Structures are given as C-alpha cells and as structure tokens.
Amino acid sequence: MTEVLGHDEAKALLARARPQSVLITGPEGVGRRTLARWYAYGLNCAQGFPPCGGCKSCRLDPHPDLLEIRPEPGRRPVIPVERIVPREGGGENLLEWLEAAPRFRAKVAIIDGAEHLSEAAANAMLKLLEEPPPHAYLALVAPSREAILPTLASRTFWIRLAPLPEETLKTLAADPDLLAFAEGAPGRLFWAREHPAEVRDLKALVEGLLEGLADGRAALENARELLRRAEEGLSPWPFFQRAFAELPPEERERALSALGKLKEAHRAFAHRELLAAWWVHTLRSLYGDRRPDSL
Ligand SMILES: [Zn+2]
C-alpha cells in the first residue's frame, strides 16, 4: 500500500476515469511510480478509491496483481521485446502475465522508463494497448509525452505530474538546501534527507566555482566535477539557479537561459570536457569582476 504526497488532482482523475492504459509523465522523483502503484492498489482495494490500506489486497506488498517492468541498466538502458511478449528463452513477459486471471480484480503492469522500450517492444506494447484483456491495466511512466512513440502516447490517458510546491515538501524537511536540491520532487528530497553531506558538498562545489572564476584552471576542474556528479543523478542545477537569483534582471535571464542550454546538452550526452569549458566561459562572461555575495 502506498501513500502519495500531493498530486490530488491526478489522484481524483484516475479514481474517476479508471483508464485501462495511462501515461504518467513528470520529472524523476516527483511521484510517478508512487502514483502508478497507488492506482494499482486502488483498483484492487475492497473499498475502491482511495485505497484503504487495511483490506486483504491493500495489506499485500509485493502485490500479486502488480508487475513492474524496468529497463535493463547500462549507459543505454533498454526494455527488450522479450519482456513484453513471449520469445524463445525469454522468461517472464508482460503478455503472459496479463493473460492469467487476477487474484483480486485488476492486473496492473507499470512500465517504468517507457521511453526505453526497444522498437520491437514498443510495437508489441502498441498491440497490447489496442486490445488489452478486460482485467488488464497498463501504466506507462516516462519523463515526457514526447519521450515515447506518438502512437503509444495517443492510446493512453495522460497524467502530467508537475513538481510539488515547496510548501508541500516542507512537511518532509525544513532544511532550505535539501528543499532546493529536491526541486519539488519528494523522491529527491527523501534521497537528500539520507545524504545531507553530499547535498551540502554539491552546493559548496557550485559556490566554489562561482567564487573562483578568476582561476580558469580550478574553475574548469570544478565544472568538470559538477558535470560528473550530474551524470550520477546529483544535479547541481538548483544551486546555480539560486545563485543566479542574485543577479540583476537582465543577466539573470541570460544566466537562466544558459543553464537551460547546459541541462539540455547534458541530457543529450554532450561531451563533458566541452560542456565544462563552455560553462566556465559563460559564467565568466556573466559575472565578469562581480563576485556572487551568497547563495
Ligand atoms: Zn484496501
């Protein structure tokens, strides 16, 4: 049984519409998987929505009618076709799992990282979405609607999760550094609460970079290190954003637009060395002789 922080509209919508196939999009950690699980428990709860937490079904975790499919890890994660439909030597797959009768009411499969479905897997999913077995529900989780095949997206009920307001997250932690790091994503805040030293270290690196722009070599080294951490999922962007808030409006706008470009290039796996050099150059042109007072 799962609690979902915030996202009340999305919950109400799911409970009312009960779509057989849903696409849940939003930033990592915002609660996409948690909402998909909540939906699965609601569909199977003896009391209906919201899931009661006390019935026979709600008390089960793992739940026999809930299957979660994730990409196989790697630099290019992928969900291969044999996870979706039977293939020789392929093992457990979605289609066969869905065809068996549910123990309670609904069999729910969460495809976590639907943007990583291989082409063959996506086509197999498409067939499933066209004619799902009557008791079958599919929840696709992806960063955005654009990240998956348009033909897949058009066959799903779309739920878009936005970052939660800081007011909501403050119920989980009061530390402004941790809240800044979370960027409205409870999953990131949970992580930050467990690793406060790493978050503060990240912030110190950003401060060090901005204060040490005069020393080109050290700045480059810092920028490289920050990008390396971003690759590991420790994104320093919110701390830059906070520092830029101190700039005069015109420069702030330039800084934020440059930060947007950096994030985009980083997502597209642009070369770290090139990005670091470009970022230091950009920051120097923005700050000139000015030293940021504080973060
Ligand atoms: Zn229940």
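This is a predicted model, so every value here is computed, not measured. What's counted below: heavy atoms across the whole structure, side chains too, no hydrogens, waters or symmetry copies. Both ligands and their constituent atoms are indexed starting at 1 by order of listing.
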May I ask you to decide if the ring planes of Y137 and Y39 are parallel, tilted or perpendicular, using 30° and 60° as cut-offs?
perpendicular
Return the set of protein N, O or S atoms whose distance to the Zn ion (ligand 1) is under 2.8 Å, each given as residue and atom.
C45 SG, C52 SG, C55 SG, C58 SG
Any salt bridge between D201 and R229, counting N to O under 4.0 Å?
yes
Is any side-chain N of the basic residue among E28 and R188 closer than 4.0 Å to the acidic one's carboxylate O?
no
Charged tip of R160 within 45° of W158 ring normal and under 6.0 Å:
yes
I'd like to know whether NZ of K127 has more than 12 heavy-atom contacts from other residues, nucleotides or ligands below 6.0 angstrom.
no
Is a donor from one side chain sitting under 3.5 angstrom from an acceptor on the other, for N93 and E96?
yes
